[in-house]
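See structure below.
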Amino acid sequence: MLALRHDKIKMGWNMKALVLGAGIVGITTAYELSRDGHEVTVIDREAEPASFTSYSNAGLFAPGHAYAWSSPAAPGILLRSLWRGDQALRFKFSADPRFWKWMWRFWGECNTERAALNTTRKVKLCNYSLSVFHETVRQTGVAFDGRTGGLLYLYRSPGALAAASAKSRILSDNGCRIETLDPDGVAARDPALAAVKHRLAGALYAPDDESGDCRMFALNMADWLKARGVRFKYDTTVTGFDRAGDRIAAVLTDKGREVADVVVLCLGVYSPHLAAQLGHDLPIYPVKGYAITAPMAGRNNPPAIGGVDEESLVAYAPYGNRVRVTGTAEFSGYGRSHRPRDFESMLAAMKDLFPDGADWSRASYWAGLRPMTPEGTPILGPSRMKNLWFNTGQGHMGWTMSHGAARITADLIAGQRPAIALDGMLAAT
């Protein structure tokens, strides 16, 4: 496939490409298009890459946790969140009609059959993305404080562990290696959990899952690309398009017009606003997540590998001299404000597992918006405009899906068949 693509490039097929968005999805897309020999420019409204959704990403590269959020259990969790503050999924009433339209579609995915189908599609993309990611790291050497050695998905009760083990069959049937560990096995994989293993029933262990700093990767990849001719235009907001028939003649920004042969829309939660100008109704809506970053330097027992406390649905990932903790999925619109109490349950979960794992008193706090589709799979492929492509809506797995989605986008632009089927991921045209 790559040989065919490169033959086209040698024959003068390379184009001017404009990538809208410099989050992890936009940065990986720029890499793949540049790799194909295209002249690439990236536009973003922030001052540097990965300054919005990708800024404080969970850091887990986790095909072993690629379950669809739209499950039979989700409606009950969301409804309980109206009077309980301890739910991992939180729902707040909104006057936004787009919210209710999105939620209606999400509700329609919350059945056993659709959850299995969406999970299957997600895990196939995630596994493919992991292979592309490894290739990219080998070729570029971009640093990101990565850790291999797998991820742990921790359970407190035997019943929950047994149910999770049975549920994980859908992941193992689609290429993930999943092992069930008892408490001693958990402590063997991460000695930092030895002191609390008596509180655990065990864990599912995904040996091929990884972790690393998504923002560090994006920043360093942007530098790598800039040194090789990719242009970046920051502090620039995309406002619309000039059309010429069925093509984009120019992208309009607050700094002027940008002309290119091909345009890729990678603007996450803001993608629907621009796509609507072209007649597309992209089913993407923001789902707010919360993140804590705490220093590990000088602590006695930091986690060795990342994982998820499945009881609280709080994820953690150690990298470099810090640990990242993320949790909560709040359906509350485009606001990014946060209060100390929003992080209380996350901190409690981490202090329970790793009381001396980080200096929790010196933690920093952040909230960001995940660009979710009702199915949990991204929106890829062509638009109604012949030279505009979508690569957006990666949701809570942007870091995990980004590399594969970028390679797929480059393949489609090159006229090549992607490595995996894109059922359920193509925009309606």
Side-chain angles (χ1 to χ4, degrees), residues 17-34 40-62 125-126 129 132-133 136 140 142 144 212-226 230-238 251 253 263-275 282 284-291 293 317 324 326 334 336 366-373 376-380 388-410:
L18 193 61
V19 177
L20 309 184
I24 189 60
V25 173
I27 290 294
T28 50
T29 299
Y31 168 74
E32 291 293 342
L33 293 175
S34 175
V40 181
T41 299
V42 182
I43 295 178
D44 198 273
R45 66 192 180 109
E46 304 291 345
E48 59 182 3
S51 295
F52 194 67
T53 298
S54 302
Y55 181 84
S56 197
N57 179 283
L60 303 184
F61 212 109
L125 174 57
C126 290
S129 191
V132 175
F133 171 61
T136 298
T140 65
V142 167
F144 59 100
D213 191 330
C214 172
R215 184 168 192 255
M216 177 186 285
F217 180 94
L219 289 168
N220 289 335
M221 177 58 85
D223 288 342
W224 190 92
L225 290 168
K226 187 176 180 180
V230 174
R231 291 186 292 274
F232 289 85
K233 295 188 176 183
Y234 300 117
D235 298 306
T236 302
T237 300
V238 178
V251 173
T253 79
V263 180
V264 186
L265 184 62
C266 306
L267 287 175
V269 295
Y270 293 108
S271 296
H273 301 79
L274 286 166
L282 297 187
I284 295 172
Y285 203 77
V287 179
K288 190 178 188 179
Y290 296 88
T293 306
R324 174 71 45 73
T326 53
Y334 282 80
R336 297 172 60 206
W366 181 86
L369 304 177
R370 308 174 181 100
M372 292 295 299
T373 66
T377 46
I379 297 171
L380 308 174
L388 176 70
W389 302 79
F390 294 126
N391 183 9
T392 188
Q394 278 77 7
H396 69 111
M397 302 198 79
W399 178 221
T400 305
M401 292 180 174
S402 59
H403 304 267
R407 176 68 58 84
I408 288 167
T409 300

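Only heavy atoms go into these numbers, but all of them, side chains included; no hydrogens, no water, no symmetry mates.
- Looking at heavy atoms from C-beta onward, Ser51 lies in side-chain contact with Arg215 at the 4.5 angstrom threshold.
- If you take CG on Leu388 and CG on Leu265, they are separated by 6.0 Å, rounding to the nearest 0.5 Å.
- Phe61 contributes atom CZ, which lies 8.5 Å from atom CE of Met397 (distance to the nearest 0.5 angstrom).
- Taking Lys226 as the reference, nothing meets the salt bridge (charged side-chain N to carboxylate O under 4.0 Å, His left out) condition, with sequence neighbours excluded.
- Considering OG1 of Thr29 and CZ of Arg407, their distance stands at 11.5 Å, rounded to 0.5 Å.
- A pairwise comparison of heavy atoms in Ala58 and Thr326 identifies CB-OG1, 3.2 Å as the closest pair.
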CA sep, side-chain torsions, deciding dist, call: Phe390, Leu380, side-chain contact (heavy atoms from CB on, under 4.5 Å):
CA-CA 5 Å; Phe390 294 126; Leu380 308 174; 5.9 Å; no
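- Residues Arg370 and Pro286 form no side-chain contact, since every pair of their non-hydrogen atoms from C-beta on lies 4.5 Å or further apart.
- Taking CG of Leu18 as the start and SG of Cys266 as the end, the distance is 10.0 Å to the nearest 0.5 Å.
- Trp399 places none of its side-chain heavy atoms less than 4.5 Å from the side chain of Leu60.
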Full working for side-chain contact (heavy atoms from CB on, under 4.5 Å) between Arg324 and Trp366:
CA-CA 11 Å; Arg324 174 71 45 73; Trp366 181 86; over 6 Å; no
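- Closest of all the heavy-atom pairs between His403 and Val132 is O-CG1, 3.5 Å.
- Aromatic pair Phe144/Phe133: ring centres closer than 6.0 Å.
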Residues Val287, His396; criterion side-chain contact (heavy atoms from CB on, under 4.5 Å); working and verdict:
CA-CA 9 Å; Val287 179; His396 69 111; over 6 Å; no
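- Under a 3.5 Å cut-off, the side chain of Tyr334 and the backbone N or O of Val269 do form a donor-acceptor pair.
- Rounding to the nearest 0.5 Å gives a distance of 5.0 Å between CD1 of Ile284 and OG of Ser271.
- The shortest side-chain heavy-atom distance between Leu125 and Ile408 falls under the 4.5 Å cut-off.
- Using bins of under 30°, 30° to 60° and over 60° for the plane-to-plane angle, the ring pair Tyr234/Phe232 lands in the parallel bin.
- Going from atom CG of Asn220 over to atom OG1 of Thr140 covers 9.5 Å, rounded to the nearest 0.5 Å.
- Using a 4.5 Å heavy-atom threshold, the side chains of Thr28 and Glu32 count as separate.
- In this structure, Thr253 has no side-chain hydrogen bond (donor to acceptor under 3.5 Å, both in side chains) partners at least two apart in sequence or on a different chain.
- For the pair Phe217/Thr136, a side-chain contact is recorded, criterion being any heavy-atom separation below 4.5 Å from C-beta on.
- Nearest heavy atoms, Leu225 versus Ala30: CD1-CB, 4.0 Å.
- The closest donor-acceptor contact from the side chain of Thr53 to the backbone of Leu369 lies under 3.5 Å.
- Among residues two or more places apart in sequence or in another chain, the side chain to side chain contact (heavy atoms under 4.5 Å, CB included) test is passed with Ser54 by Ile24, Ala50, Cys214.
- Heavy-atom minimum distance, Gly395 versus Met372: CA-SD, 3.3 Å.
- Considering only residues two or more places apart in sequence or on other chains, Arg45 meets the salt bridge (charged side-chain N to carboxylate O under 4.0 Å, His left out) condition with none of them.
- The shortest heavy-atom contact between Ala222 and Pro49 is CB-CG, 3.6 Å.
- Contacts of Arg231 classified as salt bridge (charged side-chain N to carboxylate O under 4.0 Å, His left out), with partners at least two apart in sequence or in another chain: Glu39.
- The two residues Gly368 and Arg336 have their closest heavy-atom pair at CA-NE, 4.5 Å.
- Under the rule for a salt bridge (charged side-chain N to carboxylate O under 4.0 Å, His left out), Asp44 has no partner lying at least two apart in sequence or in another chain.
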